[in-house]
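One structure below.
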Protein chains: 2
Amino acid sequence: MDKTYIEVEEAAHTMKLLGDRTRLTLLGLLYSGECCVCELVEVLQMSQPSISQHLKKLRDARLVKEKKKGQWVFYSLNTSHETYPIVHQVLKQIPDQKEKLRALEDKGLRIQCD
Amino acid sequence: MDKTYIEVEEAAHTMKLLGDRTRLTLLGLLYSGECCVCELVEVLQMSQPSISQHLKKLRDARLVKEKKKGQWVFYSLNTSHETYPIVHQVLKQIPDQKEKLRALEDKGLRIQCD
DNA sequence: TGTTTATATAAGTGTTTGCTTATATAATGT
DNA sequence: ACATTATATAAGCAAACACTTATATAAACA
C-alpha cells in the first residue's frame, strides 16, 4: 500500500468535517492565522456552544491545534496532519476569510496576545 | 465577490458528498474512467439500491454525468463542474482505484461498449 | 409474449448530525 | 471571597443520513 497516498477512509473522514459550512468557514479563518474562540463566535455570528462543538470535532480529528493563553483558547490549523495537503488545497480555493477578521479589528474585537 | 473562488456554501456541499467512504470510492473509480452501475456494485460489494442512491446524490449535485447505452447506464466525472478543481485535488491524493477495475476485468465482469 | 438483466425509486428504520438551553470549569479583576 | 469573562460539556430534539427490502421501469432476448 503506497503510503504517499491518504487512505480513502481517512480522506473521507476529513472531507466529512469540511462538508459543513460552519466548519469550512472556521478552517478558512484559521487558514489566515490563529484565532481565539470568542473571535470565531463573533465572526460567524453563531452561539458559543455551537462553535465550541464544531471546534471539538476538528480537535478530535487533530485538524486543529489549541493553545491556552490566560482566559483565551487560540486555535490554529494542524499543518502536519496527514490530510493537511487536501485541506490546504480546499482552503486555497474558497474565498479569503481575512477581511472578516479585519472587520473584527475595526470593531476593536480582535484579541491580541504576546 | 471574486468568482475565481468557489463559494464556501458550494464547496461545503461538495465536500459533504466526498465525506462518505462509498461515494469517495465511487468518484475514485470514475476518476480512472467511466463505469456502469453494475461494475460499481461489483467493485464496492454493496447492494445495488445503495449504490444507485449514492449515484443519485452525486448526479443531483451534477458531480457526475450519466450516459445510457442499451440496458446499461455509464457514469463519469463531470469535469466542468464548478467544484471539479477541488474534487480533482482530492482524488489525486487518494489511492488509485484502477487495480480494482483490473481485477474486475480478470473476472470477465468489465462491461465493454462501442 | 414472457423472462431475464440493469437500474431507479419508495418506504421503513436505526444512527448521526447540528443546533438549542442549561450548566460546569477555569482564569481575571474587584 | 465574589462577580465577570471565556470556554467546554451535557442533555434534548428535529432533521438528515445510509442502509435495508420491496417494487417499478425499461431494454434485451428467447
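Protein atom NE2 of B:H13 is 13 Å distant from nucleotide atom C1' of D:dC17, rounded to whole Å. Between the CE atom of B:M46 and the C1' atom of D:dT21 there is a distance of 15 Å, rounded to whole Å. Spacing between atom CD of A:Q45 and atom P of C:dT20 amounts to 12 Å, rounded to whole angstrom units. Note: NZ (A:K16) to C1' (D:dA16) measures 11 Å, nearest angstrom. Separating the NZ atom of A:K56 from the P atom of D:dA10 is a distance of 8 Å, rounded to the nearest angstrom. In this structure, CD of A:E42 is placed 11 Å from P of D:dA6, rounded to the nearest angstrom. Atom P of nucleotide D:dC19 and atom CG of B:L26 are separated by 10 Å, given to the nearest angstrom. Rounded to whole Å, atom P of D:dA18 lies 12 Å from atom CD1 of B:I51.
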Please list, for nucleotides 2-8 of chain C, all pairs of protein and nucleotide N/O atoms separated by less than 3.5 Å.
unit_1: C:dA6; atom_1: O3'; unit_2: B:Q71; atom_2: O; d: 3.4
unit_1: C:dT7; atom_1: OP1; unit_2: B:V37; atom_2: N; d: 3.4
unit_1: C:dT7; atom_1: OP1; unit_2: B:V73; atom_2: N; d: 3.1
unit_1: C:dT7; atom_1: OP2; unit_2: B:C38; atom_2: N; d: 2.6
unit_1: C:dA8; atom_1: OP1; unit_2: B:Y75; atom_2: OH; d: 2.6
unit_1: C:dA8; atom_1: OP2; unit_2: B:S52; atom_2: OG; d: 2.8
unit_1: C:dA8; atom_1: N7; unit_2: B:Q48; atom_2: NE2; d: 2.6
unit_1: C:dA8; atom_1: N6; unit_2: B:Q48; atom_2: OE1; d: 3.3

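Salt bridge annotation for B:K56-B:D60: present, with a cationic side-chain nitrogen under 4.0 angstrom from a carboxylate oxygen.
Every side-chain hydrogen bond (donor to acceptor under 3.5 Å, both in side chains) that B:T83 has, sequence neighbours left out, goes to B:T14, B:H81. In this structure, the side-chain hydrogen bond (donor to acceptor under 3.5 Å, both in side chains) partners of A:Q97, at least two apart in sequence or on a different chain, are A:K100. Every residue meeting the side-chain hydrogen bond (donor to acceptor under 3.5 Å, both in side chains) condition with A:Q48, not counting sequence neighbours, appears here in chain and number order: A:S52. Remark: B:K107 pairs with B:E42 by the salt bridge (Lys or Arg N to Asp or Glu O under 4.0 Å) rule, at least two apart or across chains. Judged as a salt bridge (Lys or Arg N to Asp or Glu O under 4.0 Å), and not counting sequence neighbours, B:R23 has no contacts. Taking the salt bridge (Lys or Arg N to Asp or Glu O under 4.0 Å) definition, one finds that A:K57 meets it with nothing, sequence neighbours left out. Listed by chain and number, the residues in a side-chain hydrogen bond (donor to acceptor under 3.5 Å, both in side chains) with B:R59 are B:Y75 (sequence neighbours excluded).
For C:dG18, neither phosphate oxygen OP1 nor OP2 lies less than 4.0 angstrom from any side-chain nitrogen or oxygen of A:S50. Contact check, B:H54 against D:dC19: a side-chain N or O comes under 4.0 Å of OP1 or OP2.
For the 3.5 Å distance criterion, the side chains of B:S80 and B:N78 qualify, holding a donor opposite an acceptor.
For the segment residues 17-25 of chain A, the set of residues with a heavy atom within less than 4.0 Å of an atom of DNA chain C comprises A:D20, A:T22, A:R23, in numerical order.
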